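For clarity, every value in this text was computed on a predicted model and none was experimentally measured. No hydrogens, no waters, no symmetry mates; every other heavy atom, side chains included, goes into these values.
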Amino acid sequence: MAAAAALAAADPQPTVPQAAGAGGPTARRDFYWLRSFLAGGIAGCCAKTTVAPLDRVKVLLQAHNHHYKHLGVFSTLRAVPQKEGYLGLYKGNGAMMIRIFPYGAIQFMAFEHYKTFITTKLGVSGHVHRLMAGSMAGMTAVICTYPLDMVRVRLAFQVKGEHTYTGIIHAFKTIYAKEGGFLGFYRGLMPTILGMAPYAGVSFFTFGTLKSVGLSYAPTLLGRPSSDNPNVLVLKTHINLLCGGIAGAIAQTISTMRETMKYVYGQHGIRKGLYRGLSLNYIRCIPSQAVAFTTYELMKQFFHLN
């Protein structure tokens, strides 16, 4: 989820002035916020769809669903289609798409706003401003989309024949009616924010640093001209995937909360609790971040954001 926005972490690349009437700076600024919104949202959706089966497995295993709690990651990936059909691996993904599109878009736009504010108003620059802006953007996106994530998790936890909710709208109505109204959608928000802040910040920092250093010291080897602006260098696709995966792995490592680890270890031990949760997170985050970064880079060019 931090991946879609983190591409903006790299220092802005120089652009060449355009001739008047030929798609110059004024034309490029038209609906810039909307194009940025679409780029971040599309990248987030592509990334999450890629790892949707793993997201479903994560929910089932970490919540210890009684149908699958005795299985491992790959055994559950095989068991879900047998019990619920192959579409069972994508249960809850519709709600995820409704959530992740605004999440990616809000995070990207918030990052740009916070980065500018931190640099111009607070006088902080360099790597630190990426870390700060990324953390704040991640928290902003979480707060705005948390109710959708709660509904997505509730739907993903259901198994065939044992449905508490018939769909997204029904889940919203039921939670609102039975769990305290509007505040019911924000249960568990604080741990999520505490986990997202370092994750988003480190993701911005890592990818932005890898991108800027790589393009500065090995532009020919690692970079290529952007399709929408030949005077702007972007990472080659396979390098982009690699940097995104590295950023995801590092961010996942650093953002793991000590208290959560202690709780899961105490309740379920290393093999059935902590190990299964952490190993699955790594399996998920690396392809997710890689796809998000790469898709966003392509969307930046498609929507002329360079």
Worked verdict on Lys58 versus Val73 for side chain to side chain contact (heavy atoms under 4.5 Å, CB included)
CA-CA 8 Å; Lys58 177 189 175 184; Val73 173; over 6 Å; no
Given side chain to side chain contact (heavy atoms under 4.5 Å, CB included), test Lys236 with Asn240 step by step and report yes or no.
CA-CA 6 Å; Lys236 294 178 180 178; Asn240 202 36; over 6 Å; no
Go through the steps for Phe303 and Leu34 under the test side chain to side chain contact (heavy atoms under 4.5 Å, CB included), then give the verdict.
CA-CA 10 Å; Phe303 288 113; Leu34 178 59; over 6 Å; no
Before you tell me yes or no, could you show the steps for Phe204 and Leu131 under side chain to side chain contact (heavy atoms under 4.5 Å, CB included), namely the whole-Å CA-CA distance, both residues' side-chain angles and the distance that decides it to 0.1 Å?
CA-CA 6 Å; Phe204 273 83; Leu131 190 66; over 6 Å; no
Working note: Lys211 + Glu297, criterion salt bridge (Lys or Arg N to Asp or Glu O under 4.0 Å); need CA distance, chi angles, decisive distance, verdict.
CA-CA 12 Å; Lys211 181 180 180 181; Glu297 186 79 359; 3.6 Å; yes
Between Tyr90 and Tyr86, does a ring-ring contact (aromatic ring centres under 6.0 Å, His included) hold up when you go through it step by step?
CA-CA 8 Å; Tyr90 289 87; Tyr86 282 99; 9.7 Å; no
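Linking ILVMFWY side-chain heavy atoms closer than 4.5 Å, directly or via other members, places Leu221 and Leu235 in a single hydrophobic cluster. The cluster map of Ile, Leu, Val, Met, Phe, Trp and Tyr, joined by side-chain heavy atoms under 4.5 Å apart, puts Val291 and Met299 in different clusters. Residues Leu77 and Val80 are members of one and the same hydrophobic cluster, defined by side-chain heavy-atom contacts under 4.5 angstrom among Ile, Leu, Val, Met, Phe, Trp and Tyr. Residues Ile106 and Tyr114 fall into different hydrophobic clusters, defined by Ile, Leu, Val, Met, Phe, Trp and Tyr side chains chained together at heavy-atom separations under 4.5 Å. Leu215 and Ile239 end up in the same hydrophobic cluster when Ile, Leu, Val, Met, Phe, Trp and Tyr side chains are linked at under 4.5 Å.
Side-chain atoms of Gln107 never come within 3.5 Å of backbone atoms of Ala141 as a donor-acceptor pair (strictly under, hydrogens ignored). Checked by atom type and distance alone, the side chain of Ser75 never pairs as donor or acceptor with a backbone atom of Leu71 at under 3.5 Å. Although no hydrogens or angles enter the test, the distance criterion places a donor-acceptor pair under 3.5 Å between the side chain of Arg56 and the main chain of Gly88. In this structure a side-chain-to-backbone donor-acceptor pair under 3.5 Å is present from Ser212 to Thr209. When atom types are taken as modelled, the side chain of Tyr146 and the backbone of Arg187 share a donor-acceptor pair closer than 3.5 angstrom.
Between the side chains of Asn306 and Asp228, a donor-acceptor pair is found at a separation under 3.5 Å. If you check the side chains of Ser135 and Tyr199, you find no donor sitting under 3.5 Å from an acceptor. Side-chain contact check for Gln289 and Ser203: at least one donor-acceptor pair (N or O, by modelled atom type) lies under 3.5 Å.
Counting heavy atoms from C-beta outward, Met109 and His113 have side chains that stay 4.5 Å or more apart.
For Phe172 and Tyr165, the ring centers sit 6.0 Å or farther from each other. Aromatic ring centroids of Phe293 and Phe207 lie under 6.0 Å apart.
His129 approaches Val124 most closely through the heavy-atom pair CB-O, 3.5 Å. Phe37 approaches Pro102 most closely through the heavy-atom pair CZ-CA, 4.4 Å. Residues Val51 and Pro287 approach most closely at CG1-CG, 3.9 Å, considering heavy atoms. Nearest approach of Pro230 to Pro225, heavy atoms of both residues: O-CB, 3.4 Å. Here the closest non-hydrogen pair linking Leu233 and Gly223 is CD2-C, 4.4 Å. Across Val202 and Ala251, no two heavy atoms sit closer than the pair CG1-CA, 3.7 Å.
Tyr32 does not carry Arg35 over the face of its six-membered ring by the limits of under 6.0 Å from the centre and within 45° of the normal.
Rounding to the nearest 0.5 angstrom, the gap separating the NZ atom in Lys173 from the OG1 atom in Thr166 is 9.0 Å. Note: Thr192 OG1 to Met150 CE = 9.0 Å, rounded to the nearest 0.5 Å.
Membership of the apolar cluster around Val213 extends to Tyr217, as traced through chained side-chain contacts below 4.5 Å between ILVMFWY residues.
Within 6.0 Å of atom CG in Leu87, 12 or fewer heavy atoms from other residues, nucleotides or ligands are found, so the atom counts as exposed in its surroundings. A 6.0 Å sphere centred on OH of Tyr186 holds more than 12 heavy atoms belonging to other residues, nucleotides or ligands.
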